[in-house]
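Please read the structure below before turning to the comments.
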Amino acid sequence: MNSTNPYSSDFMPHIWPIGGGKGGTGKSFLTSNMGILLARQGFKTLLIDADLGAPNLHTIVGLPNPAISLSDFLNKRVPTLQETVLEMPIHNLFLISGAKNKLDIANLAHEQKMKVLRAVSRLDYDYILLDLGTGTSFNTIDFFTIWDSGIFVCNPEPTSIENIYRLIRSVYARKIRQVLKIDRFRSLAEKAEAQNPDATIHHPEYLLDMLKTIDPEQGAKIERILKSFQFKLVLNQVRRQDNPKIGALVCKIVEKHLGMRIQFIGNVSFDERVHEAVCRKESFVDQYSYSQATLDLKVIIKAITGVTEEQAVAS
Amino acid sequence: MKKLEDLNFYELLELAFDASPFEVHQAYKEMTQLYHDDSLASYSFFSREEREKILAKLDEAYSTLMDEKRRSRYDQLLIERGILEKSTQYQGERMKLGLMYDAKRPSTNTALRIRERLKPIVSSNPVIQEVLASDVLSGRDLKKIRDELGISLEEISELVKVRVVYLHAIEDDQFEKTPSRIFLKGFLRAYAQCIGLDADMVASRYLKRIHD
Ligand SMILES: Nc1ncnc2c1ncn2[C@@H]1O[C@H](COP(=O)(O)OP(=O)(O)O)[C@@H](O)[C@H]1O
Ligand SMILES: [Mg+2]
């Protein structure tokens with residue numbers, strides 16, 4: 001690790017993909033503001049705009065025309081990913097922009113994706129936050145299953161909850177597929193679908209049920225993997241009248257019925273001024289450092305780093 | 001991971017084997033909220049049939065565990081299957097001996113769990129907070145708090161091993177019905193602590209009226 005912060009640990013997954021089922025949930029808002037808070041606490045932090053279809057992290061952090069971006073690495077204009085890293089005016093904060101991508105870059109070939117993911121794994125930062133694209137597109141699931149870590153972002157609305165469950169089940173199914181390898185997965189999926197046409201897409205839990213009867217050893221292995229995930233859930237844009245327990249309940253449902261561990265790490269309040277901050281291209285947590293939303297974000301940062309702001313800054 | 005069909009009623013409601021009726025009731029309420037048709041948290045997760053199946057199983061668990069006879073028959077079944085040990089079984093019947101204090105206190109765990117469950121409700125419930133804002137407390141005030149928490153005097157009696165008549169006396173401000181001032185204070189403290197209140201605070205604010 002490069003930074004002098006003694007709290008940063010090699011044992012914790014320090015790469016955090018941030019994804020959610022829907023556009024407008026607040027992934028980019030959370031990525032940028034969490035990044036700023038981490039940097040201010042002394043962690044060397046890199047933000048990566050991995051929303052290849054609709055990059056806009058650079059705009060949120062106030063860098064309208066980034067000179068270099070992720071596509072320069074993909075197109076081999078620069079040999080290493082590190083060379084696409086931009087320094088930000090905030091000490092300890094860095095950005096790999098997604099701007100200037102060719103429009104069709106959202107459909108990356110598999111090898112290209114793997115190349116990016118491997119390169120990200122080799123970067124040396126305390127925290128790497130990846131702002132992911134929308135929905136269950138191939139990309140989001142890739143990111144969530146490669147490091148078995150990630151932050152799901154959701155709003156307390158039926159549409160958003162519906163999408164997050166769909167994403168969670170996709171990650172679940174992908175993980176089973178990864179462990180089983182293609183051929184076995186295919187034959188398993190066929191068997192499960194013969195019993196229940198919904199099995200693969202809507203109810204991947206049937207896949208695991210079936211696997212457990214056919215091959216208990218593999219089934220137990222997958223169960224262990226699902227339990228060992230480091231996934232987190234954040235509820236964003238929570239208004240006063242919303243039930244603050246929704247996030248914890250969602251995690252409970254997933255753990256009880258899918259056997260998959262997701263930790264609820266907090267609500268982030270809805271704040272009208274987020275819009276203003278984005279329009280003025282200012283950082284919300286700096287402009288409104290005592291707002292409830294900023295305090296909420298600090299609670300989330302603590303859940304990720306394991307230390308309070310005071311401990312981090314003091315060291 | 002166990003499938004829903006394979007869970008026993010205690011696992012289903014996430015309860016300890018010696019859970020009191022109050023806890024059963026609370027757990028059932030929480031669970032039905034989670035699985036109900038218009039629960040936001042589980043929106044779209046289940047099909048209609050799955051939801052109905054879960055709710056039916058919850059109802060069955062609830063009606064069994066709330067009925068002392070049915071519960072003890074169900075427990076017997078679990079004992080025979082080696083799932084439940086006799087010593088950890090809920091001892092509802094034994095507490096109705098009418099003793100002022102029961103020598104055996106089988107449910108200190110239960111009492112502790114209930115207290116921990118009630119404390120956050122006490123601190124966040126506006127009605128209770130309003131009652132507690134005053135620096136004197138009457139029996140009626142205590143009853144108001146207890147009603148908000150939804151726990152019966154019979155249950156408190158079982159948990160703290162104080163006879164129901166004395167608890168009624170506390171809520172009715174009929175001090176003469178308790179054996180002595182010292183007993184009254186003891187009962188009062190037990191009652192208060194049981195429902196997640198600060199025992200010293202309640203005793204002093206309640207007894208203040210008698211001393212004054
Ligand atoms: N906590 C919040 N309170 C108020 N508005 C928010 C909040 N989080 C995000 N927003 C607003 O929601 C919109 C979408 O946020 P954004 O981060 O771009 O979503 P995503 O990246 O998930 O598509 C933005 O206009 C932003 O201003
Ligand atoms: Mg975005």
Side-chain angles (χ1 to χ4, degrees), chain A residues 21-22 154-169 172 196-199 202-206 208-213 216 219-220 222-227 233 235 238-239 241-262 264, chain B residues 1-16 19 23 26-62 113 116-126 129 149-150:
Chain A
K22 249 180 102 182
C154 178
N155 300 148
E157 297 170 351
T159 42
S160 183
I161 302 263
E162 182 171 20
N163 285 321
I164 211 76
Y165 278 138
R166 210 181 146 78
L167 178 59
I168 288 170
R169 280 190 161 114
Y172 180 100
N196 186 321
D198 261 359
H202 297 297
H203 287 284
E205 52 269 38
Y206 293 143
L208 185 55
D209 280 350
M210 181 148 283
L211 180 64
K212 272 158 63 185
T213 50
I222 290 175
E223 276 192 329
R224 270 199 310 279
I225 291 173
L226 293 170
K227 265 207 198 80
L233 174 71
L235 245 69
V238 178
R239 289 167 168 84
Q241 66 271 25
D242 291 323
N243 176 356
K245 290 195 201 139
I246 293 294
L249 294 175
V250 166
C251 294
K252 187 170 175 165
I253 293 267
V254 172
E255 173 136 30
K256 252 182 119 105
H257 296 273
L258 298 180
M260 188 165 140
R261 275 279 313 277
I262 299 181
F264 175 60
Chain B
M1 192 187 64
K2 274 195 181 177
K3 283 168 75 179
L4 198 80
E5 296 90 276
D6 306 329
L7 299 179
N8 66 50
F9 292 161
Y10 295 99
E11 290 171 321
L12 183 72
L13 290 169
E14 297 178 4
L15 286 168
E23 289 175 284
Q26 287 287 316
Y28 173 75
K29 236 170 53 185
E30 281 168 23
M31 289 292 175
T32 40
Q33 269 166 21
L34 191 52
Y35 293 108
H36 202 270
D37 295 344
D38 43 46
S39 151
L40 176 59
S42 64
Y43 179 75
S44 82
F45 194 91
F46 304 105
S47 69
R48 180 202 288 263
E49 300 82 64
E50 285 172 322
R51 227 177 255 284
E52 276 168 7
K53 219 166 84 188
I54 297 170
L55 287 169
K57 180 141 191 201
L58 284 171
D59 281 346
E60 193 194 346
Y62 178 70
R113 279 198 315 264
E116 290 314 311
R117 194 161 201 151
L118 293 178
K119 272 185 187 163
I121 307 179
V122 167
S123 54
S124 64
N125 179 305
Q129 283 304 311
L149 296 172

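So that the names make sense, note that chain A is the first sequence line, chain B the second, and so on, each numbered from 1. Excluded from the calculations below are hydrogen atoms, water molecules and symmetry mates; all remaining heavy atoms, backbone and side chain alike, are included.
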Problem set entry | Proximal component of A:N243, with respect to chain B [non-hydrogen, under 4.5 Å] | neither
For this session: Can you tell which part of B:I54 gets under 4.5 Å to a heavy atom of chain A, answering side chain, backbone, both or neither?
Result: side chain
Exercise. Which answer fits A:H203, side chain, backbone, both or neither, if we ask what part of it has an atom under 4.5 Å from a heavy atom of chain B?
Worked result: side chain
Exercise. To the nearest 0.5 Å, how far apart are CG in B:L13 and CD in B:Q26?
Worked result: 12.0 Å
Exercise. Which bit of B:E11 is near chain A, if near means a heavy-atom gap under 4.5 Å: side chain, backbone, both or neither?
Worked result: backbone
Exercise. Are B:K119 and B:E116 close enough, and set up right, to give a salt bridge (Lys or Arg N to Asp or Glu O under 4.0 Å), and what steps lead you there?
Worked result: CA-CA 5 Å; B:K119 272 185 187 163; B:E116 290 314 311; 3.5 Å; yes
For this session: Using a cut-off of under 4.5 Å on heavy-atom pairs, state which of A:A220, A:P156, A:C154, A:P158 scores highest against chain B.
Result: A:P158
Exercise. Are the charged groups of B:E30 and A:K252 less than 4.0 angstrom apart, N to O?
Worked result: no
Seminar exercise, completed: Cut-off 4.5 Å, heavy atoms of chain B, and the answer for A:E162 is both
For this session: Look only at the side chain of B:S124 and the backbone of B:P120, and say whether a donor-acceptor pair between them is shorter than 3.5 Å.
Result: yes
Exercise. So, are A:E205 and A:R169 salt-bridged, with charged N and O less than 4.0 Å apart?
Worked result: yes
Exercise. Does the side chain of B:Y35 reach to within under 4.5 Å of the side chain of A:I253, using non-hydrogen atoms?
Worked result: yes
Seminar exercise, completed: Under 4.5 Å to a heavy atom of chain B? For A:I168 that would be neither
